[in-house]
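Structure first, commentary second.
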Number of protein chains: 2
Amino acid sequence: MPVPTPALDRAAAQMAAAGVDALLLGPGADLRYLVGYRALPLERLTLLVARADGRHALLVPRLERPRAEDSGAGGAVAIQDFAETDDPFALAARCLDGLPPGAVLGAGDRLWSTFLLGLQDALPSASWVRASTVTRELRMRKAPDEVDALRRAGQAIDRVHAQVPGLLKAGRTESEVGRDIADAILAEGHQTVNFVIVGSGPNGASPHHETGSRVLADGDAIVVDIGGTLDGYCSDCTRDYVVGDPPDGYAEAHAALETAQAAACDAVHPGVTAAAIDAAARDVLSAAGYGGHFVHRTGHGIGLEEHEDPYIVAGNDLALAPGMAFSIEPGVYLPGRFGMRIEDIVVVTDDGCERLNTLDRAAVAVAP
Amino acid sequence: MPVPTPALDRAAAQMAAAGVDALLLGPGADLRYLVGYRALPLERLTLLVARADGRHALLVPRLERPRAEDSGAGGAVAIQDFAETDDPFALAARCLDGLPPGAVLGAGDRLWSTFLLGLQDALPSASWVRASTVTRELRMRKAPDEVDALRRAGQAIDRVHAQVPGLLKAGRTESEVGRDIADAILAEGHQTVNFVIVGSGPNGASPHHETGSRVLADGDAIVVDIGGTLDGYCSDCTRDYVVGDPPDGYAEAHAALETAQAAACDAVHPGVTAAAIDAAARDVLSAAGYGGHFVHRTGHGIGLEEHEDPYIVAGNDLALAPGMAFSIEPGVYLPGRFGMRIEDIVVVTDDGCERLNTLDRAAVAVAP
């Protein structure tokens, strides 16, 4: 008899409390969190059916069965496989036997629509909600071993940032620098590189510019925002660099940004809302005249995924609680000129927060 | 005024023919195919609304607007952005103004369920189908420039396989070999590594085993299945290797596999069904006594995605047509002992097919 993981038991209890009868989860973070299976994202359905009544099942394509078994998931749930020509949606519906016709089902937030549409056809009387209405309650507050994993990832990405000044040089392209940073992310212990942003000069004013063919030049401000996954947990840290002398207006803006980022970190305490943290950063920048140039929210949760709950954004009245982990990353973007952003991951403690990134937050000047 | 791309015009015509009023597409291959925008997969909605009546729109988070504009998509569709606290689903619904209440909408196959559920809430009277009911008709038959891109990707991955014998050595782990192969995939011109499978000994009997800590030993059979993306199009090729002398029964099974793979390639002609290609390989292996050990379909389409239509599988009565590109990759898996698979990408021509992978298909013996 499979023995559900503690996380599955907590999910079942949370489902019962939330009035959700079952979760239907594809490959991704929820699946890893609940049963430890790192399923491949395939056009063939992989689906964990986690039920409030504890009758869980994991449906996998037959050729994935060895990987599913190797993951140990079979110790927690019954694994069912299907052949290439079987109808996986009919099998999924059978895993929901015994639920009432109007059952409330939680679809994995990142489950592909091709699968949700197939499940909706096979279960026409069900009503659907996002699985995160249940799983966010489990995953938002990190356990001590998860905080430890995030801390190690944070230390690793800090070691990469410490090497960045040596990689920036007038004449090199963003892409060349980006490749070296990607190598360093792996060399410092991450298993995967999740993203590398090197936004130089005006490119820094597009918050999600990655890297490009632009050649670094004397006087460039450069935003470097990087992250990877280490032992399943993500890192994410942004620091700012300047080649030679900073452009006009840069120093004043960066001073305001440092104050804003510190104010948001200082505001983190249990019971404070996510929206209040966003406001703490935004108020500083608005008062300094940069409010219109801070064009995104202040942060996002982090854990098994780079971006997850809680989101640090206006309107989010969620009260922070110990163990929640998220970024604090205000930025200032002056189109056509430059951008800047300072980002640390923080974990809420009983009386404030711990910053998992500890490098100095001033813009680092490098010789051209 | 934006001028739709030829692909968007063809999509609109195909929608009209299929009775679909609009496609709602998130980041991914359909979006790249229709407007050339390589959107990031984010928790914030990016959505192309492509309408049969030609009133297209691209909805993007405000901080993605620069990337969307840089992609040139704005030349083909009107770009609309939204702020962090806007409701993107209400905006999407507004992009469908003027459609009848029972409109038929095609959701991107890989659009995340969190977005489809939001759209379904905002558009309660719509009925939903998979966008691929429309886009597969466009994307399955490759244009000459797409075939050329697939050919270059195929040549690049062949150059990697040519280096594999030099990487296999008793005493090395699968993961070590896999890292070297990943480096070679990039060095040979791919921009990304999509997957590296090095299945040695019994690990080769799990078709989707990636790499692990297993140490290669004298007498190991090894399946190497690798692919990347080069200029937007994917490569995918499998060859088999043996360290030292092959295990008992290997040579006979591999001879049957070579015959099966060749039979399937020879069967490819316009008008033949996908199912018939699957049967051509399967019949050879069944007659040789390996039918029960060929546990997956014979192939999958390939192009902007590693796996896309057409699927070469029993029950798929699709008639092949010139320009269709797919893998032919029968395999034999003996649990606990070894596995083997031979895979080429082929493109249907007017009178047969062109193989895009041309290395010899015999198992390659390497010294221990």
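These numbers come from a predicted model, not from an experiment. Within every chain, numbering begins at 1; the chains are lettered A, B, ... in the order of the sequence lines, protein sequences first and strands thereafter. Below, each value reflects all heavy atoms present in this structure, side chains not excepted, and no hydrogens, waters or symmetry copies.
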- Task: Answer with side chain, backbone, both or neither: which region of Arg62(A) has an atom nearer than 4.5 Å to a non-hydrogen atom of chain B?
- Result: neither

- Message: Using heavy-atom distances under 4.5 Å, tell me whether His209(A) contacts chain B through its side chain, its backbone, both, or neither.
- Response: backbone

- Most heavy-atom pairs under 4.5 angstrom with chain B, which of Glu306(A), His300(A), Glu64(A)? Glu64(A)

- In this structure, CG of Leu111(A) is separated from CH2 of Trp112(B) (nearest 0.5 Å) by 12.0 Å

- Query: Within a strict 4.5 Å, meaning less than it, do heavy atoms of the Arg67(B) and Glu210(A) side chains meet?
  - Reply: yes

- Of the backbone (N, CA, C, O) and the side chain (C-beta and beyond), which part of Gln120(B) lies under 4.5 Å from a heavy atom of chain A, both, or neither? side chain

- Those residues that, when tested against Phe326(A), pass ring-ring contact (aromatic ring centres under 6.0 Å, His included) (two or more places apart): none

- Message: Would you say that Leu116(B) contacts Leu117(A) through its side chain, given a criterion of any heavy-atom pair below 4.5 Å between the two side chains?
- Response: yes

- Would you check, one step at a time, whether the test side chain to side chain contact (heavy atoms under 4.5 Å, CB included) holds for Arg110(A) with Arg110(B)? CA-CA 9 Å; Arg110(A) 298 195 178 187; Arg110(B) 299 194 177 187; over 6 Å; no

- Task: Below 4.5 Å from any heavy atom of chain A, which atoms of Leu40(B) appear? Answer side chain, backbone, both or neither.
- Result: side chain

- Query: Measuring from Asp278(B):CG to Glu84(A):CD, what's the distance to the nearest 0.5 Å?
  - Reply: 8.5 Å

- Message: Measuring only between side-chain heavy atoms, which start at C-beta, is Tyr311(A) closer than 4.5 Å to Glu43(B)?
- Response: yes

- Message: Only pairs of heavy atoms separated by less than 4.5 Å count here; which of Gly118(A), Ser113(A), Ala131(A) has the most with chain B?
- Response: Ser113(A)

- Query: What part of Arg65(B) lies closer than 4.5 angstrom to a heavy atom of chain A: side chain, backbone, both or neither?
  - Reply: neither

- Query: So does Arg214(B) have more than 12 non-hydrogen atoms from other groups sitting under 6.0 Å from CZ?
  - Reply: yes

- Gap between atom OH of Tyr333(A) and atom CG of Leu63(B) - 0.5 Å precision: 8.0 Å

